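One structure is given below, encoded as structure tokens.
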Amino acid sequence: MKLTAVNLELPFNASESALNLAIAAETRLPADRITNVRIVRRSLDARDKNDIKFIYSAVFEVEDSDYNKRSGGFSKNVGRAPERPVIAEKTGDIPQPAPVVVVGAGPAGLFAAHTLAVRGYKVILIERGGPIEERAADVETFWTSAKLDPESNIMFGEGGAGAFSDGKLTTRIKDARADIVVETLVKYGAPERIAVDAKPHVGTDVLRTVVSNMRRAIEEAGGEVRFHSKLTDIISEDGRVTSVVVNGRIEDDIPCCAVVLALGQAARDTCRMLFDRGVEITAKPFAVGVRIEHPQSLINRAQFGKFAGHPRLGAAEYRLTAKTGNRGVYTFCMCPGGFVVASSSNEGEVVTNGMSYAARNAENANSGIIVQVSPSDLGGEPFSGMEFQEKLERAAFRLGGGDYSAPAERVADFMRDSDPMPFDGVKPTYRPQAVPRKLKKCLPGTVYRGIRDGIEAFGRQIHGFDMDDAVLTAVETRTSSPIRINRDENGEATRLKGLYPVGEGAGYAGGIVSAAVDGMKAAERIIAIYKAQ
């Protein structure tokens, strides 16, 4: 009989083989009667720094006779293993008349295309940037020589923005597809630990391999992937999309039965084109701010105390929230042992983000400190938030010197509103380079005050967070999309049938897993209409 046990505690440095004994204690069965133990969830509890432990959930098997005899003595942490939810699959009966075009090769687009291709549907995945190998070289060129390719950078190209991040897979959505996303990532090269860790991450180096393997699987299943192919127009008849135009060549438009629109956050030109074509777009809340860097060793000591540096614990994380007036201010996309990276996608703009490799072993920790922005702050027009982001990014570019250097400031100088001093204890990791500047000059007053309030509050939550030499680098603007491409109960754009907006850029997801799930759902809706050829 298969059972599950939760809230199993082991010292963080204990061998996981001791789980048999922990389960035996919960069931009051001899340890040798517990078989086929498999960890399904592992989380770290470091609230008591003198007693850091891992908390496990596990499935295991016992003989039916043992269960029948002893189940009354099982603890409340033991019960029957739940059946995995079944995702109902419905296949349509209309022959697929033309390919499905998927726009964008980030998580939403890749998983939409993969879902369609492996089920035998005709699918063409178009991506304005290049394949991950080429894209990685273009990004490195930008970081080392400040030569930006507006079509191949951290925001555009195979894998989307997530390919140059920490590769976090934490999600708040309750959807059985999330497990399928993780299993698919493991299948294509991600480490198996991501299937059990409560806060899983892949790391940018590993994620790039996963992305390229997934693309090859799409192609091997009969799907087509076209790089350097920018969506420039949508053709429709009687309120339904019929074809797409790529790179402005209307004579080479691609007929399609549906379009999965997985744009990502940076395709501002495409969003404006869609709005001009009558697609309904509305403003939504978002957040902006800066990146903060500390020594990773400081964060480790603050979170793990005397056990900081132990290999079983790795690099410590944090997630902090506070209030500034009636607004939220919080840390975002914390990257342990990582780097602040240049994420510009348009010329004349400076954008920052965070990135970690799988080992998370770099000297600094970094995180966004961001302040909520409401559409009502900006007038509520569809693109007011997007224009606000662009304004901040151009201001940061000018303040940094106009060469993609990022303006940065020590926390001490920022908090005291004093002239910026050279960086000392913490060296900024942003490339091409970070230069000492007064960030007040490029931040709106509400954002500037919110960051100050946040640092004060976070310094009370993590000892040393407000250390003088911590570095703030501007500007962090791509935390979430400031727009939403409205869709109906069928997942189609409200004013254009056959167009399925998905993912972060469309305003419907908040991370790799949720974006991937959103792309899968769109593919399933299309599958429910058509049958594969």
Side-chain angles (χ1 to χ4, degrees), residues 87-92 94 96-119 121-128 160 173 175 177 180-181 218 223-225 229 231 233-246 253-265 267 270-271 273-275 277-282 284 481 483-510 513-532:
I87 300 172
E89 293 187 5
K90 178 184 176 183
T91 302
I94 301 173
Q96 187 183 6
V100 177
V101 172
V102 177
V103 183
L110 279 172
F111 273 84
H114 183 268
T115 301
L116 289 160
V118 298
R119 287 166 173 76
Y121 286 81
K122 294 180 290 186
V123 59
I124 299 174
L125 172 60
I126 63 172
E127 165 58 54
R128 67 193 290 172
I173 65 171
D175 192 305
R177 296 173 186 82
I180 297 175
V181 170
I218 292 169
E224 184 178 351
V225 182
S229 299
L231 175 69
D233 207 349
I234 283 188
I235 310 299
S236 62
E237 293 181 9
D238 300 323
R240 174 171 290 277
V241 63
T242 58
S243 64
V244 299
V245 177
V246 173
D253 66 321
I254 305 172
C256 58
C257 67
V259 174
V260 178
L261 194 67
L263 294 178
Q265 288 191 46
T270 307
C271 291
M273 177 275 291
L274 293 168
F275 186 75
R277 296 295 178 270
V279 174
E280 185 179 20
I281 296 177
T282 54
K284 62 176 280 293
S481 175
I483 64 158
R484 175 165 288 131
I485 303 175
N486 293 353
R487 62 191 189 190
D488 61 21
E489 65 278 4
N490 297 317
E492 295 175 288
T494 51
R495 296 177 182 169
L496 187 58
K497 294 297 182 183
L499 180 68
Y500 295 82
V502 297
E504 290 200 31
Y508 293 100
V513 173
S514 59
V517 167
D518 208 35
M520 292 173 66
K521 287 181 177 179
E524 290 166 7
R525 289 184 172 109
I526 295 167
I527 290 170
I529 298 171
Y530 300 105
K531 63 180 180 180

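Source: prediction; values computed, not measured.
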Closest non-hydrogen atom pair between I485 and P501, with its separation: CG2-CG, 3.6 Å

Euclidean distance, S243 OG relative to E237 CD, rounded to 0.5 Å: 8.0 Å

Any donor-acceptor N/O pair, D518 side chain to V502 backbone, under 3.5 Å: no

From I87 atom CD1 to I180 atom CD1, the distance as rounded to the nearest 0.5 Å: 3.5 Å

Main-chain N/O of G498 paired with E492 side-chain donor or acceptor, under 3.5 Å: yes

Close side-chain approach of T242 to P255, heavy-atom, < 4.5 Å: no

Taking every non-hydrogen atom, the tightest pair across A532 and R119: CB-O, 3.7 Å

Nearest-0.5 Å distance, OG of residue S229 to CG of residue L125: 9.5 Å

SG on C256 to CD1 on I234, rounded to 0.5 Å: 8.0 Å

Closest heavy-atom pair and its distance - G503, A108: CA-CB, 3.9 Å

Side chains of L496 and R277 in contact at under 4.5 Å (non-hydrogen atoms): no

Among V259, I124, L231, side chain to side chain contact (heavy atoms under 4.5 Å, CB included) partner for I254: I124

Heavy-atom pair with the smallest gap, counting every atom of Y530 and P97: CE2-CD, 3.5 Å

Side-chain (K531) to main-chain (T91) donor-acceptor, under 3.5 angstrom: no

Pair T494-E280, side-chain donor/acceptor within less than 3.5 Å: yes

Side chains of E127 and V225 in contact at under 4.5 Å (non-hydrogen atoms): no

Sub-4.5 Å side-chain heavy-atom contact between L263 and L274: yes

Shortest non-hydrogen contact between A523 and A112, atoms and distance: CB-O, 3.6 Å

Trace of the side-chain contact (heavy atoms from CB on, under 4.5 Å) decision for I218 with L110: CA-CA 9 Å; I218 292 169; L110 279 172; 4.1 Å; yes

Audit row: V260, V123, side-chain contact (heavy atoms from CB on, under 4.5 Å) steps and yes/no: CA-CA 10 Å; V260 178; V123 59; over 6 Å; no

Whether Y121 side chain and I526 backbone form a donor-acceptor pair below 3.5 Å: no

Any donor-acceptor pair under 3.5 Å from R177 side chain to V517 backbone: no

Geometric cation-pi criterion R525 and Y500, 6.0 Å radius, 45° cone: no

Euclidean distance, L261 CG relative to R487 CZ, rounded to 0.5 Å: 11.0 Å

Test: K497 and D488 ion pair at under 4.0 Å: yes

Gap separating the CD1 atom of I527 from the CD atom of Q96, nearest 0.5 angstrom: 9.5 Å

Closest contact, heavy atoms only, I173 versus S514: CD1-CA, 3.9 Å

